[in-house]
Amino acid sequence: MASEPRNRASLLPPRPARVHPAETPGGNLAAPLVICALVVAGLYFGRDILIPIAIAVLLSFVLSPFIGLLRKLRLGRLPAVGLAVLTTISVVALLAGIIGMQLADLSSGLPRYQRTVEQKVENLKQGPLGDAAGYLRSIGRRIQTATSEPKEDPAADRPTEPAQGEKPLLVEVQQRAMTPLELVERVLAPVLSPLATTGIVFVVLIFILVQREDLRDRMIRLVGSRDLHRTTVAMDDAARRLGRFFLVQLGLNAGFGLVIGIGLWLIGVPNPILWGIFAALMRFVPYVGAFLSALLPLALAAAVDPSWNMVLATALLFIVIEPVVGHFIEPLVYGHSTGLSPFAVLVAALVWTWLWGPVGLLLATPLTVCLVVLGRHVEPLEFLDVLFGDRPALTPVENFYQRMLADDPDEAHELAEAILAECSLSSYYDEVAIKGLQLAAADARRGVLTDGQLERIRSAIAGLVHDLSDRPDVTPDAAPTLAGRLLRRPSEEVPCAAEPAVPDAPPPEALPDAWKREGAVLCVAGRGPLDEAASLMLAQILGKHGIGTRLVPFEAVSRARIDDLDAGEARMICISCLEIVGTPAHLRYLVQRLRRRLPEARMLIGLWSSDDAAIRDSAAHEVLGADHYTASLREGVEACLTAARDDAAGAARDDAAGAARDDDPAGVRPVARAAPVPEDAPA
């Protein structure tokens, strides 16, 4: 494409977090390099065969929606394929005829255009530009004279005279008359190669469209026979999406060429139909396509008009239309990306041009899009998506951990903003930040992280949470783009949910005053090195829902310092633990210490690893002795809000009972008297 807008991190599919041990590259790279070299050599030496096949495959994607429409009209497969192919041949023949007539008409005016160009060049020479050029040439001659040493050659000064008695010979070269066969060969040779290629393209296209299911089954056998259902659905979905994508791309580029042709016709540039078709074709070339499509019309405008008005109008037309299409219409049609990274588009254009020439330049973007979609839907070919796709090679969780580890909070904040465009804050903390902290905690347990690295991670987390303090925990307004529907799998979702922690949470002013005071909920960090960072996130989310919180480090609730804890009027205690390794004895003793210090407060344990057995084990619940157990920040916030609502309801009942006692002057409710028992009643 002419322009590739920015990438979107929100299009990333969720991948399970993983930590890979460091590997040392060895001799196992030899086999992939040899295979890559063989593939490149095959593409280069087999281009005469592969180019028609590639064009046929791309045309099959474009014609698939049209054939599907014909099949819905109850046409058989062969009639539908035949009608689609005949329509395509008619369009190609019509375009070829128009281009031929336009070129013939253009060639008839070349002498006139040449005289106009020569006159303009002469005018430029006589003007200030010519004076500047003459001045530069004189400077060059002076430099050459000063640096060169003259050589005297007396013989060179004397003119050469012919020997006496010798007369110059006149030589006349006559070209042999061409035979009829040679004449036919010279006329048809430039046309035979394109006609042969076109014929091969349509023959291959017919076979691909007729035997589509058979070719699909063979591809499934090659890349995904172990899971037939999943591979079949994925490849059918990929073919359907690619067909829509290329059809939309073809329509958009054709519309661009139509607008350019009409604009050039209004300006007065000769052969506007030719330049409109040329602009539509060149727009398949990424980055430089629109620039190249403007060069020839600009040169022709300079050759037609003796003044410079037509050149300026033509340049203004391309300068206005290209940004409008590239920066406004394309994002509405494609979304914000075609699924390719800008670097991959540039490299693909260079590689395909080197392999297949100008045809490779035109096919570079469509072929690369095919490779990326194939990599996203077929697991053995995922490396194609990693190499050419616009999605980062790391998952959002791994990216988060890597940015924290690299002490790059600004980049982590930027990635967070991109994800928060479609996710709520609490969901981002649960699905990205907490899982990134679990990766760090696992590395710390294995002894991979140093104390300095842990301190940098804690500092970076604190900075990120502070930067996100002004963002409410609500559903974002962003809607999914059409790019996701064109290039993503149906099951592919953003990394986290859009809903906040508690969608139906009461407004902060509806909470009891006791829960609004600072320290109403004590967010206590566990013994882990990064548990305090998780407590910081929980405290921030609770604060956004109107609950007063206070962060308590693990050292403040240790055996030596628990008696000095300033608990205030805490209503609830939330203990954060990223992971529990082995027996949770230290967590049980922590709960006991807090129970003795705050016997009236509710106790919540947040085990932010959903794989932890303590979340599901009722026996472990009895041993730990807490009131609530949660596996996510969202559940922890919901538990705190539920406790606040219960307190509010209990206070309302107490107020109602107090009001009833105030209505009784004696302050004592009347006691119901028992009915008298008849004397003859049975005992």
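Only this structure's heavy atoms are used, side chains among them; waters, hydrogens and symmetry mates stay out.
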Return yes when atom CD of Glu411 has more than 12 non-hydrogen atoms of other residues, nucleotides or ligands closer than 6.0 Å, and no otherwise. yes
Quick check: closest heavy atoms across Ala440 and Leu530, and the distance to 0.1 Å? CB-CD1, 3.3 Å
Give a yes or no on whether the backbone of His545 and the side-chain of Asp473 come within a donor-acceptor separation of less than 3.5 Å. no
Determine whether Leu604 and Thr630 satisfy the following criterion, side-chain contact (heavy atoms from CB on, under 4.5 Å), listing intermediate values before the conclusion. CA-CA 8 Å; Leu604 181 145; Thr630 60; 3.8 Å; yes
Minimum heavy-atom separation for Ala349 to Thr353, with atom names? O-OG1, 2.5 Å
When you compare the side chain of Glu417 with that of His413, does any pair of heavy atoms fall below 4.5 Å? yes
Given side chains that start at C-beta, do those of Cys640 and Arg602 come closer than 4.5 Å, heavy atoms only? no
Do you know the tightest heavy-atom contact between Ala601 and Asp627? O-OD2, 4.3 Å
What is the minimum heavy-atom distance between Ala644 and Leu511, and which atoms define it? CB-CD2, 3.9 Å
Would you call Trp352 and Thr368 a side-chain contact if the rule is heavy atoms closer than 4.5 Å? yes
Pairs in or reaching into residues 557-572: which pass side-chain hydrogen bond (donor to acceptor under 3.5 Å, both in side chains), with residues at least two apart or in two chains? Arg517-Glu569, Arg571-Asp647
Indicate yes or no for a side-chain donor-acceptor contact from Trp356 to the backbone of Leu43 under 3.5 Å, with no hydrogens or angles considered. yes
To check you understand the geometry: which heavy-atom pair defines the closest contact between Ala514 and Ala520, and what is its length? O-CB, 3.3 Å
With a 4.5 Å heavy-atom cut-off, do Leu551 and Cys523 have their side chains touching? yes
Side chain to side chain, Ile573 and Val591, heavy atoms closer than 4.5 Å: no
Would you check if Ile562 and Leu594 make a side-chain contact, meaning some heavy-atom pair closer than 4.5 Å? yes
For Ile575 and Val557, run side-chain contact (heavy atoms from CB on, under 4.5 Å): C-alpha distance rounded to whole Å, both residues' side-chain angles, the deciding distance at 0.1 Å, then the answer. CA-CA 11 Å; Ile575 304 173; Val557 292; over 6 Å; no
Report the distance from atom OH of Tyr428 to atom CD1 of Ile419, rounding to the nearest 0.5 Å. 5.5 Å
With rounding to the nearest 0.5 angstrom, report the CE to SG distance, Met603 to Cys574. 10.0 Å
To the nearest 0.5 Å, tell me how far Arg595 CZ sits from Glu600 CD. 10.0 Å
Heavy-atom pair of closest approach, residues Ala643 and Trp515: CB-CH2, 3.7 Å
Can you list the steps and then say if Glu532 with Leu536 is a side-chain contact (heavy atoms from CB on, under 4.5 Å)? CA-CA 6 Å; Glu532 188 172 341; Leu536 185 62; 5.8 Å; no
Just by distance, do the side chain of Glu635 and the backbone of Ala631 share a donor-acceptor pair under 3.5 Å? yes
Could you tabulate the donor-acceptor pairs under 3.5 Å formed by side-chain atoms of residues 447-469, not counting sequence neighbours?
residue : atom : partner : partner atom : Å
Thr450  : OG1  : Gln453  : N            : 3.3
Gln453  : OE1  : Thr450  : N            : 3.0
Glu455  : OE1  : Arg458  : NH2          : 3.1
Arg458  : NH1  : Pro529  : O            : 2.9
Ser469  : OG   : His466  : O            : 2.7

From Phe400 CZ over to Lys435 NZ, what is the distance, rounded to the nearest 0.5 angstrom? 13.0 Å
Are Lys544 and Asp470 close enough for a salt bridge, meaning some N to O gap below 4.0 Å? no
Could you go step by step and tell me if Leu425 and Gln540 meet the side-chain contact (heavy atoms from CB on, under 4.5 Å) rule? CA-CA 10 Å; Leu425 181 61; Gln540 185 185 79; 3.7 Å; yes
Rounded to the nearest 0.5 Å, how far does CD1 of Ile547 lie from CG of Leu538? 9.0 Å
State the CG-CG distance between Leu633 and Leu542, to the nearest 0.5 angstrom. 9.0 Å
Is a donor on one side and an acceptor on the other found under 3.5 Å between the side chain of Ser427 and the backbone of Cys423? no
For the residue pair Ser576 and Asp531, confirm or rule out a side-chain donor-acceptor distance under 3.5 Å. no
